[in-house]
Trainee: 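I am attaching a structure below and will ask some questions about it afterwards.
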Amino acid sequence: MKVFGIAGSSGSGKTTLLDQLIPRFVADGLRVAGIKHTHHGFDPDTPGKDSWRMRQGGCENVVLVGARHLTLMRHYPEDKPSPEIGEALAVLPRDTDLVMVEGYKWSDFPKLEIYRPAHGKPPLWTEVPCIVAVATDAVDEVAANTALPVIDLADVDAIYGWIRDYLASA
């Protein structure tokens with residue numbers, strides 16, 4: 001199972017890029033999984049529903065199964081830190097070929113940074129480990145400031161090809 005991430009500041013276009021990349025990898029015949037890490041709290045369950053009541057009763061894990069979906073809801077106590085990437089990877093099927101990750105920027109797996117200088121935020125590649133390339137809307141400016149490969153953010157095919165080749169050589 002190969003893991004590759006998309007990193008960048010809020011509003012840089014991480015989800016939009018993933019929306020365009022994932023179907024390309026699927027078309028290549030890969031079994032792709034996605035992991036989205038958020039620092040914002042969320043609860044996918046609905047108060048009052050059976051699965052919610054199971055969790056309220058003390059179940060740490062509840063599996064909700066429908067005609068075409070299976071969802072694992074694992075509850076972590078408030079005094080426990082957010083699950084690490086390894087815990088998320090562990091619940092994926094073993095025959096997954098590629099996991100595309102949004103978030104977990106400090107974790108140890110390769111990432112492409114989306115960087116837009118006009119947003120006024122500093123680049124991540126100077127501090128965040130494992131950034132292996134940068135996609136940007138200011139190619140010449142960014143290329144002058146890093147030795148990392150720099151790809152035009154508007155050229156999704158080039159980004160896809162670069163990631164595909166990187167994963168093939170890894």
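In what follows, residues are counted from 1 in the order of the sequence shown. Below, all heavy atoms of this structure are taken into account, side chains as well, without hydrogens, waters or symmetry copies.
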Trainee: Hydrophobic clustering (ILVMFWY, side-chain heavy atoms < 4.5 Å, transitive) - are Trp106 and Tyr115 grouped together?
Mentor: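 Yes: a chain of side-chain contacts under 4.5 Å links Tyr115 to Trp106.
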Trainee: Counting only N and O atoms by type, is there a donor-acceptor contact under 3.5 Å from the side chain of Lys14 to the main-chain atoms of Gly8?
Mentor: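 Yes, because the side chain of Lys14 sits within donor-acceptor range (under 3.5 Å) of the backbone of Gly8.
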Trainee: Using a 3.5 Å distance criterion without hydrogens, assess whether the side chain of Glu113 forms a donor-acceptor pair with backbone atoms of Leu124.
Mentor: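 At least one qualifying donor-acceptor pair exists.
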Trainee: Nearest 0.5 Å, what's the CG-CH2 distance between Leu112 and Trp162?
Mentor: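 Reported to 0.5 Å precision, the distance equals 7.0 Å.
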Trainee: Any idea which heavy atoms bring Asp97 and Gly29 closest together, and the distance?
Mentor: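 Taking Asp97 first and Gly29 second, the nearest heavy atoms are OD2-O, 4.2 Å.
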Trainee: Between the side chain of Thr146 and the main-chain N/O of Ala143, is any donor-acceptor distance below 3.5 Å?
Mentor: no
Trainee: Hey, any chance Val150 and Phe4 share a hydrophobic cluster, counting ILVMFWY side chains that come within less than 4.5 Å of each other, even indirectly?
Mentor: no
Trainee: Roughly how far, to the nearest 0.5 Å, is CZ of Phe109 from OH of Tyr104?
Mentor: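 Nearest 0.5 Å value for the OH-CZ distance: 8.5 Å.
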Trainee: Out of curiosity, Leu30 CG to Ile22 CD1, how far, rounded to the nearest 0.5 Å?
Mentor: 11.5 Å
Trainee: How long is the straight-line distance from CG of Leu17 back to CD1 of Ile114, given to the nearest 0.5 Å?
Mentor: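 Going from CD1 on Ile114 over to CG on Leu17, the span is 4.5 Å.
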Trainee: Where do Ala7 and Lys105 come nearest, in terms of heavy atoms and distance?
Mentor: CB-CB, 4.4 Å
Trainee: Are Val101 and Leu18 grouped together when hydrophobic residues (ILVMFWY) are joined by side-chain heavy atoms under 4.5 angstrom apart?
Mentor: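 Hydrophobic grouping puts Val101 apart from Leu18.
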Trainee: Which residue pairs pass the ring-ring contact (aromatic ring centres under 6.0 Å, His included) test with at least one member in residues 126-160, sequence neighbours excluded?
Mentor: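 As it turns out, the ring-ring contact (aromatic ring centres under 6.0 Å, His included) pairs with a partner in residues 126-160, which skip direct neighbours, are Phe25-Tyr160.
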Trainee: Distance-only, no hydrogens or angles: does the Asn145 side chain make a donor-acceptor pair with backbone N or O of Glu141 under 3.5 Å?
Mentor: yes
Trainee: Just by modelled atom types, is the Glu102 backbone N or O under 3.5 Å from a matching donor or acceptor in the Lys111 side chain?
Mentor: no
Trainee: Count the heavy atoms of every other residue, nucleotide or ligand shown that sit under 6.0 Å from CG of Asp165, and state whether that count exceeds 12.
Mentor: yes
Trainee: With no hydrogens and no angle check, is any side-chain donor or acceptor of Asp152 less than 3.5 Å from a backbone partner on Ala154?
Mentor: yes
Trainee: Between atom CD1 of Ile131 and atom OG1 of Thr126, what is the distance when rounded to the nearest 0.5 Å?
Mentor: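 If I round to the nearest 0.5 Å, the distance is 8.0 Å.
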Trainee: Would you say Ile151 and Val132 are hydrophobically clustered, going by side-chain heavy atoms of ILVMFWY under 4.5 Å?
Mentor: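 They do share one cluster, since a chain of ILVMFWY contacts under 4.5 Å joins Ile151 to Val132.
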Trainee: For residues Val32 and Leu21: do they belong to one hydrophobic cluster (side chain heavy atoms under 4.5 Å, members Ile, Leu, Val, Met, Phe, Trp, Tyr)?
Mentor: yes
Trainee: About how many Å separate CZ of Arg24 and CD1 of Ile163, when rounded to the nearest 0.5 Å?
Mentor: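 Separation between the atoms: 10.5 Å.
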Trainee: Please tabulate, for the side chains in residues 84-96, all donor-acceptor contacts under 3.5 angstrom to protein atoms that are two or more places apart in sequence or on a different chain.
Mentor:
unit_1	atom_1	unit_2	atom_2	d
Glu87	OE1	Tyr76	OH	2.9
Glu87	OE2	Glu84	N	3.4
Asp95	OD2	Arg31	NH1	2.5
Thr96	OG1	Pro93	O	2.8

Trainee: Less than 4.5 Å apart, side chain to side chain, heavy atoms only: is that true for Asp108 and Cys130?
Mentor: yes
Trainee: Under the side chain to side chain contact (heavy atoms under 4.5 Å, CB included) criterion, do Ile159 and Leu153 qualify, and how do the steps go?
Mentor: CA-CA 7 Å; Ile159 296 169; Leu153 184 56; 4.2 Å; yes
Trainee: Please answer whether the main-chain N or O of Leu167 pairs with a side-chain N or O of Lys2 as donor and acceptor at a distance below 3.5 Å.
Mentor: yes
